[in-house]
J.: 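Below you will find the structure I want to go over with you.
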2 protein chains.
Amino acid sequence: MKQNPTLKKIAERLSVSISTVSRALKDHPDISAETKKKINELAELLEYDPNPYAVNLRTHSSKEFAVVVPSLSNFFYHSFISAIEEHARSFGYSVIIYRSSNDPVIEQEILKSCRHKRVSGIFIAITSETKEMEPFLKLDVHGIPVIFFDKVPQYESCNKICVGDELAATIAAEEIIKKGITNVIGIFGNKNMSITKARLSKFNSVLASNHTDMDLKIAYANSSEESEIQTMSLLSEFEGRKFAVFCMSDEVLAGSMKAIQRKGLVIPDDLGVIAISDGMIPKLFYPEITYAETSGYNLGKLAFDRMMRCISGSSFAQTIIDESKLVVGGSI
Amino acid sequence: MKQNPTLKKIAERLSVSISTVSRALKDHPDISAETKKKINELAELLEYDPNPYAVNLRTHSSKEFAVVVPSLSNFFYHSFISAIEEHARSFGYSVIIYRSSNDPVIEQEILKSCRHKRVSGIFIAITSETKEMEPFLKLDVHGIPVIFFDKVPQYESCNKICVGDELAATIAAEEIIKKGITNVIGIFGNKNMSITKARLSKFNSVLASNHTDMDLKIAYANSSEESEIQTMSLLSEFEGRKFAVFCMSDEVLAGSMKAIQRKGLVIPDDLGVIAISDGMIPKLFYPEITYAETSGYNLGKLAFDRMMRCISGSSFAQTIIDESKLVVGGSI
DNA sequence: TTTTTAACCGCAAACGTTTGCGGAAACATT
DNA sequence: AATGTTTCCGCAAACGTTTGCGGTTAAAAA
């Protein structure tokens, strides 16, 4: 059970004081070049690294960010985290990832732990059940910036980075219109989520405003399985006619695709498919599914920039929208 | 910028000593019931929680596990992490997740950080480039148990928890034989990975030993894209005959499925498909793909049990294999 | 030669805990 | 009444850093 080297050990071996070692290691001007060299060499040799607990206890700063997401099995979050990590690393921060399992209770615990660990900042996609804003405000009181992303609260005065739901829905709707399709099945997610509402209302209005004879059938699904069932029953409605299926997320897309395959329908001959997605699921099929892209990586970069601004002090609450673009597959 | 309450604050408010507060909070017999009550109430009110940095500095123990994986966009790792988290939580541990991006350098940094943070233990799936065992041995010297899972090193004397590659390959091969298929395309992963070698050799030998007229065509792919290309070219070989495609992992399965769809082939009429998988990708298609299941959740549970044994002292190196079972879809 | 000034370095306190030890009451035992 | 036992609590050191301040030497200025 070896001990890690400490300032004290280095100091003793070199017959200098602990403070000298500490200062030498951070290139303090008070220490002579000669002494610095000696100390740095020994530190190198011993593979000295400051004990983060002691540093934190002393300085109250941890140089690490927390990312909290409901789930990890999600390409979107994955690429978001990639962006955060990449940028954080270059600023000397490390990032730790928490998973709330979409459970508000666990989310609370995580937040508390973040507070006590005095993380430098938190990126969080809240659970669909999160109602209380108070824990987040408390973090603010303690000087820990919070950046909400993707799944954000209604609450106004906080930092939010979101995908452009309206634009994404518009892009998808316009593509359908462009193809001259007037029979549309729309599969959406949980009815209560703000993102569902935003995407639906925009999708609806764009379609309606362009075609008076638009026939749009809507279903909500909380899971892939539900989506499959809903799609299954809606598919029969347009039997024989030219129509399209729109899926507002990867989760529902997965279910819908299964229903389509089950029916033995051929894309794009029998029907068109279009989705809002990060691009993982659409690329599993042939033809690849056309989708309005929501880029986790972009969002991560935006969120990180925002975070650095907060840390540097210039922090007024702000909502940033990342606009998506159409990625053409062959599905419509 | 509020401060968290400390032992000192509580002590002052109650005119007792810090040590009394500390002991009361952990139900030490030296403290009278009355005093304990007073202290606990105030602590509750103030939402006191011990400063983890101070605790760790003092006790040298962090009550947190680290999980290190090459990638997060992976259903298998995701369910592994779920299992670890679930069990850890019930033991009062928290878990932090690190992502090595399959980069040995980043992996090193993570390990170092774990050492300095004195995590209670590490679960790690190493990168495909990891050669050095020395950093892991060093962790051991520092009293930090390391449990390797899934992607494990060759090195003998360490704790490894793996999926049963041989059994999984056997299950898949036997299913093919059972269906009376003698023309087989096998798509495998990176040629250098031990898991590829294990699965291939077993798959090969089981097929060969049962049918002398077995026609097996093999391809290696490092990515989904490569897998699609490889499958594409191999598919033409068995034109018109009854045959099956075997995919050794989700990654290659994704590519192969795309090739199959591209060719317009119908499963299971034109060909059979079978894979080794954790179950995510197979369920995206209809008919669902039949697969030999490698359960991340099971593996996580096994790994956690092993970890707890290590921590309690009874730690001799051991390799544990989780045996998989056949999950029948309709693809063969 | 004496004084000023700069260049180097160490002392000690503080961050918030945990814990061995010792001490003062209060009680029970001869 | 004197001694032995509990019961309850506080002192102080330690964990490994950072940092304000003060002190010592040597070089520069007078």
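Note that the coordinates shown come from a computational prediction; the quantities given were computed from them, not determined experimentally. Excluded from the calculations below are hydrogen atoms, water molecules and symmetry mates; all remaining heavy atoms, backbone and side chain alike, are included.
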J.: With a 4.0 Å limit, can you tell me whether B:T35 has a side-chain N or O closer than that to the phosphate oxygens OP1/OP2 of D:dC9?
T.: yes
J.: What is the distance, to the nearest angstrom, from the NZ atom on B:K63 to the P atom on C:dT17?
T.: 18 Å
J.: Roughly, in whole Å, what's the span from NE2 in B:H28 to P in D:dC9?
T.: 12 Å
J.: Could A:R306 and A:F316 be counted as a cation-pi pair, given that NZ or CZ must be under 6.0 Å from the ring centre and within 45° of the axis?
T.: yes
J.: Categorize B:T6 for me: base, sugar-phosphate, or nothing, with a 4.0 angstrom heavy-atom threshold over every strand shown.
T.: sugar-phosphate
J.: For A:C162, which of A:D322, A:I321, A:L299, A:I320 qualifies under side chain to side chain contact (heavy atoms under 4.5 Å, CB included)?
T.: A:I321
J.: Tell me which of A:V55 and A:D30 sits closer to the 5' end of DNA chain D, going by the nucleotide each one is nearest to.
T.: A:V55
J.: Just how far, in rounded Å, is C1' of C:dC8 from NZ of A:K36?
T.: 11 Å
J.: By nearest atom, which of the nucleotides C:dG16, C:dG10, C:dT17 is closest to the B:L7 side chain?
T.: C:dT17
J.: Would the base of C:dG20 count as contacting B:R23 through its side chain, where contact means a donor and an acceptor less than 3.5 Å apart?
T.: yes
J.: Atom CZ of A:R118 and atom C1' of C:dG16: how far apart are they, to the nearest Å?
T.: 9 Å
J.: On DNA chain C, nearest-nucleotide positions of A:I31 versus A:L57: which is more 5'?
T.: A:I31
J.: Nearest whole Å is fine: how far is C:dA14 C1' from A:H60 NE2?
T.: 9 Å
J.: Let me know the distance between CG of A:N51 and P of C:dC15, rounded to the nearest Å.
T.: 18 Å
J.: Look at the side chain of B:S19 and the base of D:dC9, then say whether one donor and one acceptor between them are separated by less than 3.5 Å.
T.: no
J.: Should the heavy atoms of other residues, nucleotides or ligands under 6.0 Å from NZ of A:K38 be counted, would the total exceed 12?
T.: yes
J.: For the rings on A:F148 and A:Y155, is their centre-to-centre separation under 6.0 Å?
T.: no
J.: Find the distance A:N4:CG to D:dC15:P and express it as a whole number of Å.
T.: 14 Å
J.: Is the gap between the ring centers of B:F149 and B:F123 under 6.0 Å?
T.: no
J.: Check the phosphate of C:dC9 against A:T20, side-chain N and O only, distance under 4.0 Å to OP1 or OP2. Yes or no?
T.: no
J.: Let me know the distance between NZ of B:K117 and P of D:dC15, rounded to the nearest Å.
T.: 23 Å
J.: Need to verify one output field. Residue with the more 5' nearest nucleotide on DNA chain D, A:Y48 or B:S32?
T.: B:S32
